[in-house]
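Worksheet for the structure shown next.
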Amino acid sequence: SWWNHGNGQAQIVTHEQIFVTEQDGETVPILDALPTFNSNAIEVNLHNIPGLSTYFAYFNDDVLVTKPLVLEDFVDLETGKILLNMEEATSPTHENAPWFQSVDHTNIELNKWYHPDDLGTPHHFPQHVCHVFNKNVFKMAAARWKDWFVASSRDMYRKTTNPATPFLMANVALEENVAVAANTVGGAVYYWRNSHYNNQKMWNEILVQKAKSMCIQDDFSDRPPTQAVIDDLEKKLCTLYPERSPFENPALPNPCDKY
């Protein structure tokens, strides 16, 4: 009900459209892959979006764009190489959390191809911000690791053996010399908690930071968020985005009007 169906600038792409693979020169559905609740499986099939540009922007639903972005934030116009915002942190992490195990597994698969004599060669994490990727890099990876991608596409839920797709694609692009590490967009990852002090301190940092993109994740592992915490976040986001998105149903009330 929130979607503006009359807006011609965006379209909804279904999982059925992208969960496909190449077989004997034809594009065929990946059988037994749907339904899925596995973001890793979805991400390895992004290159199958119909009409997707060679260069495309991608970010998760916890990433915010806080300042205007321009082409030069993502591409070196002299060389044509993608600018990837990378962290200092590297894999292998040797962490026990499932996501880190997925990254470490992906790092091994990367090294089997690029550094077979040292499977522990480190690779940097991409920052959790808005990135531009090259569709042809995705296609190359999908052909190179076809069995891995198809098997992961059939995993209804995340597994530690799934590709950590942004990590994989960023480092393939760097290894293939079609991208360079940069810091044109990146910002910190912030955690919204059941603590007014923590959240206000975090928000003050957000207001003074110069990054064009950042991430706000929830951290309510101890207990669900209170209504006051939810309302406070909504109010603060309304200071950044007071106007309704053109993709929202204009017939619905703008929640920011109450502020």
Side-chain angles (χ1 to χ4, degrees), residues 2-4 6-13 18 39 42-43 45-89 123-141 164-190 192 202-217 233 236-248 250 254 256:
W2 63 270
W3 179 257
N4 180 6
N7 186 291
Q9 295 180 309
Q11 67 184 72
I12 296 174
V13 178
I18 67 171
S39 61
I42 296 168
E43 287 178 333
N45 290 292
L46 289 177
H47 60 288
N48 294 321
I49 294 175
L52 186 68
S53 301
T54 300
Y55 296 95
F56 65 95
Y58 175 68
F59 50 100
N60 296 123
D61 59 1
D62 54 1
V63 171
L64 304 178
V65 174
T66 53
K67 291 184 173 131
L69 296 169
V70 295
L71 182 61
E72 290 85 348
D73 290 325
F74 300 109
V75 179
D76 185 322
L77 298 184
E78 292 186 4
T79 65
K81 293 182 179 181
I82 295 175
L83 304 176
L84 290 170
N85 290 261
M86 307 298 287
E87 294 184 8
E88 290 295 324
H123 289 89
H124 289 271
F125 287 75
Q127 293 183 19
H128 198 52
V129 294
C130 179
H131 286 285
V132 162
F133 288 116
N134 187 322
K135 180 172 68 173
N136 293 328
V137 171
F138 268 69
K139 285 184 173 181
M140 179 177 64
T165 308
F167 174 84
L168 176 66
M169 298 305 173
N171 282 290
V172 168
L174 291 169
E175 291 279 11
E176 294 289 335
N177 200 31
V178 296
V180 294
N183 190 24
T184 54
V185 172
V189 175
Y190 297 96
W192 202 256
M202 182 196 76
W203 193 255
N204 291 340
E205 292 177 6
I206 289 173
L207 293 179
V208 300
Q209 70 148 335
K210 297 181 180 179
K212 294 185 175 183
S213 181
M214 65 179 180
C215 170
I216 297 182
Q217 294 185 352
L233 177 59
K236 284 178 165 56
L237 289 176
C238 281
T239 65
L240 283 180
Y241 309 106
E243 301 298 325
R244 185 199 308 276
S245 160
F247 307 113
E248 296 178 61
N254 183 349
C256 292

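Closest non-hydrogen pair, Thr66 versus Ser213, comes out as OG1-N, 3.9 Å. When all heavy atoms of Pro242 and Asn254 are compared, the closest pair comes out as O-ND2, 3.4 Å. Between Cys215 and His128, the shortest heavy-atom contact is SG-CD2, 3.2 Å. Among all heavy-atom pairs drawn from Ala188 and Met214, the shortest one is O-CB, 3.7 Å. The shortest non-hydrogen separation linking Phe74 to Cys130 is CE2-O, 3.6 Å. Minimum interatomic distance between Phe133 and Ala170 (heavy atoms only, all atoms of both residues): CE2-N, 3.9 Å.
In this structure, Glu248 CD and Asn7 CG are separated by 11.0 Å, a value rounded to the nearest 0.5 Å. Taking CG of Asp76 as the start and CD1 of Ile82 as the end, the distance is 11.5 Å to the nearest 0.5 Å. The structure places CH2 of Trp192 at 7.5 Å from CG of Leu237, a figure rounded to the nearest 0.5 Å. Atoms CD and CG, on Glu176 and Asn136 in that order, are 11.5 Å from each other to the nearest 0.5 Å. Atom CG in Asp62 sits 5.0 Å away from atom CD in Gln217 (nearest 0.5 Å). Residue Leu84 holds its CG atom at 9.0 Å from OG1 of Thr184, rounded to the nearest 0.5 Å.
A donor-acceptor pair under 3.5 Å links the side-chain atoms of Lys135 to the main chain of Leu52, judged by distance alone. Side chain of Asp73 to backbone of Val185: no donor-acceptor contact under 3.5 angstrom is found. Looking at His131, its side chain never comes within 3.5 Å of a backbone N or O of Tyr58 through a donor-acceptor pair.
Residues Ile216 and Ile206 have side chains in contact (heavy-atom distance under 4.5 Å, counting atoms from C-beta outward). Side-chain contact between Asn134 and Met169 is absent, with no heavy-atom pair separated by less than 4.5 Å. Using a 4.5 Å heavy-atom threshold, the side chains of Pro50 and Val13 count as touching. Looking only at side-chain heavy atoms (C-beta outward), Thr239 and Trp203 come within less than 4.5 Å of each other.
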Before you tell me yes or no, could you show the steps for His124 and Glu87 under side-chain contact (heavy atoms from CB on, under 4.5 Å), namely the whole-Å CA-CA distance, both residues' side-chain angles and the distance that decides it to 0.1 Å? CA-CA 6 Å; His124 289 271; Glu87 294 184 8; 5.9 Å; no
Worked check of side-chain contact (heavy atoms from CB on, under 4.5 Å) between Met86 and Asn171: CA-CA 10 Å; Met86 307 298 287; Asn171 282 290; 4.2 Å; yes
Begin from the C-alpha positions of Leu168 and Glu43 and carry the test side-chain contact (heavy atoms from CB on, under 4.5 Å) through to its verdict. CA-CA 11 Å; Leu168 176 66; Glu43 287 178 333; over 6 Å; no
Under the ring pair (Phe, Tyr, Trp, His ring centres under 6.0 Å) criterion, do Phe138 and Phe56 qualify, and how do the steps go? CA-CA 11 Å; Phe138 268 69; Phe56 65 95; 5.5 Å; yes
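Within 6.0 Å of the NZ atom in Lys139, the count of heavy atoms belonging to other residues, nucleotides or ligands does not exceed 12. Open room surrounds CD on Glu243; 12 or fewer heavy atoms of other groups in view lie less than 6.0 Å from it.
The only option from Val132, Val129, Val65 that meets the side-chain contact (heavy atoms from CB on, under 4.5 Å) definition with Phe59 turns out to be Val65.
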